[in-house]
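What follows is a single structure, written as structure tokens, with notes after it.
Computed from a prediction, not measured in an experiment: that's the story for all the values here.
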Amino acid sequence: MAQGYALITGASSGIGEAFTRELARSGRSCILVARSAEKLEALRSELQASCPDVAVVVIPLDLSTANAAAQLFAETQARALEVDLLINNAGFGAFDDFAELPLARQTEMLRLNISALVELTHFYLGPMRTRQAGAMINVASTAAFFPGPFFATYAATKAFVLSFSQALFVENRNHGVLVMALCPGATATNFFEVARMHTFAQRLRMQTAQQVVRGALRGLQYRRAVMVTGVTNKVMAVASRFMPRVIMLELLGPIFERMYRQQINRG
């Protein structure tokens, strides 16, 4: 059977771009989705020069808008692009006091990090189950393992992605479809700039996006329900299973609050 397409959301930068490059190098045809048509076209041109036998399809789209997921699915169906690997990577965070962070920004985060992911999963899961073949990688975070003071909404969205993906792993393992949650820790992307977490980022030892992606693809190969990349992140994930949340909050709360105050002072 011919291999279908890998569809990567948030493909224009960071982990999404790294997925695109790694998959194209392995001979996988890709559908790239992100808001910036210019960045996607530049990436496509580069990949077609370096991987001429790989098909690269560009679909510029803002997935945080209403009906965007349905529009994307309809577009791939109309063009007969069979997706057998869906990478739900698009998302963003914001580091701020919940009461101070504009509700519109948080609602946009919920739409992109949760609603679009759920909708795309639903749309593409049906055809995969019909074919009895396919895989999905839902990008969560190590933030999924604990409450996040001063990035409360973001951490909660990633906790949703983790729980949702684990449930779907069980529901679909007898239908030939693997659903895996990817939980990277701090990664050297533009995430911290968008989230306004500059002070936080300076204190972290980060993985590269390429390291995260290679770990994710190993997890896919071994059919993992959850893949945490990086040794320190794996220790954190294991610790979260045994440490009561009230204790975890007492430990983490002052650290995040101090970083938040430093961020405000920095302006």
Side-chain angles (χ1 to χ4, degrees), residues 6 8-26 28 30 32 34 39 43 46-47 85-95 109 112-113 117 135-148 150-151 154-155 157-162 165-166 178-241 248 251-252 255-256 259 263:
I8 305 106
T9 68
S12 63
S13 64
I15 292 173
E17 181 183 351
F19 264 118
T20 299
R21 293 182 183 281
E22 195 70 24
L23 291 168
R25 278 195 292 266
S26 71
R28 166 75 80 150
C30 298
L32 314 184
K39 290 182 179 178
L43 181 57
E46 181 184 336
L47 292 175
L85 174 59
L86 173 63
I87 301 175
N88 278 311
N89 167 71
F92 70 90
F95 188 56
M109 192 191 309
L112 185 58
N113 293 14
L117 181 146
M136 298 184 176
I137 299 176
N138 292 330
V139 179
S141 166
T142 51
F145 296 109
F146 53 86
F150 301 99
F151 59 117
Y154 171 76
T157 67
K158 293 307 182 179
F160 174 91
V161 172
L162 176 59
S165 302
Q166 287 177 300
L178 172 66
V179 180
M180 185 183 82
L182 172 62
C183 297
T187 307
T189 68
N190 66 349
F191 172 87
F192 294 96
E193 180 180 349
V194 173
R196 295 180 65 248
M197 297 177 74
H198 310 291
T199 303
F200 190 88
Q202 291 170 1
R203 297 170 177 246
L204 299 174
R205 183 175 181 181
M206 298 193 190
Q207 289 185 290
T208 67
Q210 185 181 57
Q211 287 173 324
V212 170
V213 165
R214 289 180 174 175
L217 295 178
R218 283 196 302 272
L220 203 64
Q221 180 182 357
Y222 291 108
R223 303 191 67 79
R224 301 272 181 83
V226 179
M227 185 64 188
V228 181
T229 60
V231 175
T232 302
N233 298 324
K234 289 176 182 177
V235 171
M236 182 187 305
V238 171
S240 72
R241 299 176 189 172
M248 189 175 293
L251 293 173
L252 295 177
I255 296 172
F256 289 134
M259 290 183 179
Q263 191 74 43

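- Asn113 places a side-chain N or O within 3.5 Å of a backbone atom of Phe92 that can act as its donor or acceptor partner.
- How far OG1 of Thr142 is from CG of Leu182: 10.5 Å, rounded to the nearest 0.5 Å.
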(message) Test side chain to side chain contact (heavy atoms under 4.5 Å, CB included) on Leu162 and Gln166; report intermediate values, then the result.
(response) CA-CA 6 Å; Leu162 176 59; Gln166 287 177 300; 3.7 Å; yes
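- With values rounded to the nearest 0.5 angstrom, Leu117 atom CG is found 7.5 Å from Thr9 atom OG1.
- The closest donor-acceptor contact from the side chain of Lys234 to the backbone of Met227 lies at 3.5 Å or more, if one exists at all.
- Judged by distance alone, the side chain of Asn89 and the main-chain N or O of Gly10 form a donor-acceptor pair under 3.5 Å.
- For the residue pair Ala155 and Gly148, the shortest heavy atom distance occurs at CB-N, 3.8 Å.
- Annotation: side chain of Gln210 is not in contact with side chain of Arg21 (no heavy-atom distance under 4.5 Å).
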(request) Given side chain to side chain contact (heavy atoms under 4.5 Å, CB included), test Thr229 with Gln211 step by step and report yes or no. (result) CA-CA 8 Å; Thr229 60; Gln211 287 173 324; over 6 Å; no
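- Of the inter-residue distances, the one linking Leu85 atom CG with Ile8 atom CD1 reads 7.0 Å to the nearest 0.5 angstrom.
- Between Cys30 and Leu23, the shortest heavy-atom distance links the atoms SG-CB, 4.0 Å.
- Atom CZ of Arg224 and atom CZ of Arg218 lie 9.0 Å apart (nearest 0.5 Å).
- Atoms CG and CG, on Leu43 and Leu32 in that order, are 5.5 Å from each other to the nearest 0.5 Å.
- Nearest heavy-atom pair, Met180 versus Leu220, reported as atom, atom and distance to 0.1 Å: SD-N, 3.7 Å.
- Pairing each heavy atom of Tyr154 with each of Ala94, the nearest pair is CB-N, 4.4 Å.
- Scanning all heavy atoms of the two residues, the minimum distance from Ala34 to Ser12 falls at CB-OG, 3.6 Å.
- Shortest non-hydrogen contact noted between Ser165 and Asn138 is OG-ND2, 3.0 Å.
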(message) As a quick check of understanding, evaluate side chain to side chain contact (heavy atoms under 4.5 Å, CB included) for Val212 and Val139, giving each step before the final call.
(response) CA-CA 11 Å; Val212 170; Val139 179; over 6 Å; no
(message) Could you go through Phe19 and Leu217, starting from their C-alpha distance and side-chain angles, then the distance that decides it, and tell me whether this counts as side chain to side chain contact (heavy atoms under 4.5 Å, CB included)?
(response) CA-CA 9 Å; Phe19 264 118; Leu217 295 178; 4.1 Å; yes
